[in-house]
Enquirer: 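I have a structure I would like to understand better, so I am pasting it below and will then ask my questions one at a time.
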Amino acid sequence: MEVKVLVDGKDILADAFAAGPGVDPRHLLVPGGPLVAAAVPHEVLLAEASCTEGCCGALYVTVQREGDHVVWDKWRNPDEDEVDLPAFRFDAEEYRREVDRATADRSWEWPARTVARLLEQGIREHTDWLAGWECELGAVSAWPWEPDQVNVFFFHPGRSAITEGRPWLQFRMVLPVSPDDPVGQAELLAEQLAAADPRQVAEVSGGSPEFARQLGYPWPQDLRG
C-alpha cells in the first residue's frame, strides 16, 4: 500500500521519483502524523526506493505552516543533486480538512490490516506488556497475500542493543485472524501477547547465529548468517 500525493488532480511524485512507491499510509495517514503542518518546519518522507534509500534514494519534502497557508518546499532526494518539483502553497484550512479526511478514511484496509493497526496501537500504548519480557515492538504487519494472519515483529532485548553493539535478536510471531470484528480480535490478541513470554511461541527472524547462541535461542536453518 502506498500514499499517492495529488495536487490539482496530478500525481506529483510520478515523474519526480520512479525508484519506488510512496510511503505506506500507516506511517503517513495517522492522527497527528507527519503531514500535519505547524509553524516549525519539518521534513517528511513521501517515497522510498524499492531497494533501500541508501541504494537508490528517497523523496523528502519540508512542510510548514505560514499564516493562512501550508507550504511544501525544499524537496530532497539523497541520491540526486536536485528534485524537479516546485514549492506548493495550500490554503491552510483546506489542507487541514483534506489531511483529516484522508486520515479518517480506512476503506483501503482489509480485515487483517485493520487488526494489525489496532493491535500495534494497543501495544504501543502499553509498552510494559513487552518490556516485562525484555522485548520491544518492531512492527505489526499484514500483507495482501496473507489475508488470514498478522505478523508481530519484536526485538530482544531491544533496539538499543543494535546501536550499542550488544547481542540482539528479532522475533516474528504469526497470529491468525478472521473477517470478524477487528476491534475485538485486536483486544484478544493483545491480551494473549501480554499473558506469556512471546519469545517462547515466536521464531527468530533476525540477528545472527552468534547472538542467538549468546542469548540462548536456536538459530533457524533457513536464515542466512
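Along the sequence shown, residues are numbered consecutively beginning with 1.
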Enquirer: For a quick test of reading the model, state the closest non-hydrogen atom pair linking P167 to Q214 and the distance between them.
Expert: CG-OE1, 3.1 Å
Enquirer: Roughly how far, to the nearest 0.5 Å, is the CD1 atom of I123 from the CD atom of Q121?
Expert: 11.0 Å
Enquirer: Check this for me: D180, atom CG, are more than 12 non-hydrogen atoms of other residues, nucleotides or ligands nearer than 6.0 Å?
Expert: yes
Enquirer: Kindly compute the distance separating CG (D84) from CD1 (I12), expressed to the nearest 0.5 Å.
Expert: 11.5 Å
Enquirer: Taking the side chain as C-beta and beyond, is there a heavy-atom pair between D73 and V61 under 4.5 Å?
Expert: no
Enquirer: May I ask you to decide if the ring planes of W75 and W72 are parallel, tilted or perpendicular, using 30° and 60° as cut-offs?
Expert: perpendicular
Enquirer: Less than 4.5 Å apart, side chain to side chain, heavy atoms only: is that true for S50 and P21?
Expert: yes
Enquirer: Kindly give the heavy-atom pair with the smallest separation between P179 and P111, and that separation in Å.
Expert: CA-CB, 4.1 Å
Enquirer: Could you tell me which non-hydrogen atom of S141 sits nearest to which non-hydrogen atom of A116, and how far apart they are?
Expert: C-CB, 4.2 Å
Enquirer: Is the shortest side-chain N to carboxylate O distance from R199 to D197 below 4.0 Å?
Expert: yes
Enquirer: Could you grab the distance from atom CG of L119 to atom CD of Q192, nearest 0.5 Å is fine?
Expert: 10.0 Å
Enquirer: Whether the side chain of H156 engages the backbone of E136 through a donor-acceptor N/O pair (distance < 3.5 Å, no angle test) should be reported.
Expert: no
Enquirer: Could you please spell out the steps behind the side chain to side chain contact (heavy atoms under 4.5 Å, CB included) verdict for R89 and E66?
Expert: CA-CA 9 Å; R89 295 182 68 86; E66 293 184 354; 3.3 Å; yes
Enquirer: Are side-chain heavy atoms of P31 and T103 found at a separation under 4.5 Å?
Expert: yes
Enquirer: Could you state the interatomic distance from CG (L130) to CZ (F155), rounded to the nearest 0.5 Å?
Expert: 12.0 Å
Enquirer: Are F154 and W133, when compared by the centres of their aromatic rings, separated by less than 6.0 Å?
Expert: no
Enquirer: Would you find a donor on one side and an acceptor on the other, under 3.5 Å apart, between the side chain of Q185 and the backbone of V115?
Expert: no
Enquirer: If only atom types and distance count, is the side chain of W168 paired as donor or acceptor with the main-chain N or O of G165 below 3.5 Å?
Expert: no
Enquirer: Is any side-chain heavy atom of L6 less than 4.5 Å from a side-chain heavy atom of K10?
Expert: no
Enquirer: Mind checking whether L175 and Q149 have side chains closer than 4.5 Å, heavy atoms only?
Expert: no
Enquirer: Should the heavy atoms of other residues, nucleotides or ligands under 6.0 Å from CG of D128 be counted, would the total exceed 12?
Expert: yes
Enquirer: What about V44 and V71, same hydrophobic cluster or not, with Ile/Leu/Val/Met/Phe/Trp/Tyr joined at side-chain heavy-atom distances under 4.5 Å?
Expert: no
Enquirer: Do N77 side-chain atoms and A58 backbone N/O form a donor-acceptor pair below 3.5 Å?
Expert: yes
Enquirer: Within a strict 4.5 Å, meaning less than it, do heavy atoms of the Q170 and V204 side chains meet?
Expert: no
Enquirer: Roughly how far, to the nearest 0.5 Å, is the CG atom of L28 from the CG atom of L46?
Expert: 6.5 Å
Enquirer: Decide side chain to side chain contact (heavy atoms under 4.5 Å, CB included) for R117 and R106; before the verdict, give the C-alpha distance in whole Å, the side-chain angles of both, and the deciding distance to 0.1 Å.
Expert: CA-CA 11 Å; R117 172 173 56 84; R106 294 292 173 178; 3.4 Å; yes
Enquirer: Please tell me whether Y95 and V7 are part of a single hydrophobic cluster in this structure, the criterion being side-chain heavy atoms less than 4.5 Å apart.
Expert: yes
Enquirer: With heavy-atom distances below 4.5 Å as the criterion, would you say the side chains of N151 and E146 are in contact?
Expert: yes
Enquirer: Checking side-chain polar atoms at under 3.5 Å, does R213 have a donor or acceptor matched by the opposite partner on S208?
Expert: no
Enquirer: For residues V150 and A142, report the shortest heavy-atom separation together with the two atoms involved.
Expert: CG1-CB, 4.2 Å
Enquirer: Tell me, with the steps shown, if V63 and H42 meet side chain to side chain contact (heavy atoms under 4.5 Å, CB included).
Expert: CA-CA 6 Å; V63 177; H42 65 279; 4.1 Å; yes
Enquirer: Answer yes if F153 and V140 sit in the same cluster of Ile, Leu, Val, Met, Phe, Trp and Tyr residues linked by side chain heavy atoms under 4.5 Å apart, and no otherwise.
Expert: no
Enquirer: Pick one: which of E43, K74, E53 meets side-chain hydrogen bond (donor to acceptor under 3.5 Å, both in side chains) with Y60?
Expert: E53
Enquirer: Ignoring hydrogens and angles, tell me if any N or O in the side chain of E2 forms a donor-acceptor pair with the backbone of G22 under 3.5 Å.
Expert: yes
Enquirer: Let me check something: do L193 and L188 share a hydrophobic cluster, defined by ILVMFWY side-chain heavy atoms less than 4.5 Å apart, either directly or through other members?
Expert: no
Enquirer: Is H27 reaching over with its side chain to a backbone N or O of V23, donor-acceptor style, under 3.5 angstrom?
Expert: no
Enquirer: Nearest 0.5 Å, what's the CD-CZ distance between E109 and R26?
Expert: 10.5 Å
Enquirer: Would you say the rings of F171 and Y217 are close, in the sense that their centroids are separated by under 6.0 Å?
Expert: yes
Enquirer: Are F17 and M1 joined in one hydrophobic group, where the rule is that I, L, V, M, F, W and Y side chains link up if heavy atoms are under 4.5 Å apart?
Expert: no
Enquirer: Identify the two heavy atoms, one from R65 and one from V70, that lie closest to each other, and give their separation to 0.1 Å.
Expert: CD-CG2, 4.1 Å
Enquirer: Short question: side chain of E48, backbone of G57 - any donor-acceptor pair under 3.5 Å?
Expert: no
Enquirer: List the steps, then state whether side chain to side chain contact (heavy atoms under 4.5 Å, CB included) holds for L189 with V177.
Expert: CA-CA 9 Å; L189 291 174; V177 297; 4.2 Å; yes
Enquirer: Should the heavy atoms of other residues, nucleotides or ligands under 6.0 Å from CD of E164 be counted, would the total exceed 12?
Expert: yes
Enquirer: Given side chains that start at C-beta, do those of L13 and V5 come closer than 4.5 Å, heavy atoms only?
Expert: yes
Enquirer: Does a side-chain N-to-carboxylate-O contact under 4.0 Å join D24 and R113?
Expert: yes
Enquirer: Answer yes or no: is there a donor N or O on one side and an acceptor on the other, between the side chain of T127 and the main chain of R124, under 3.5 Å?
Expert: no
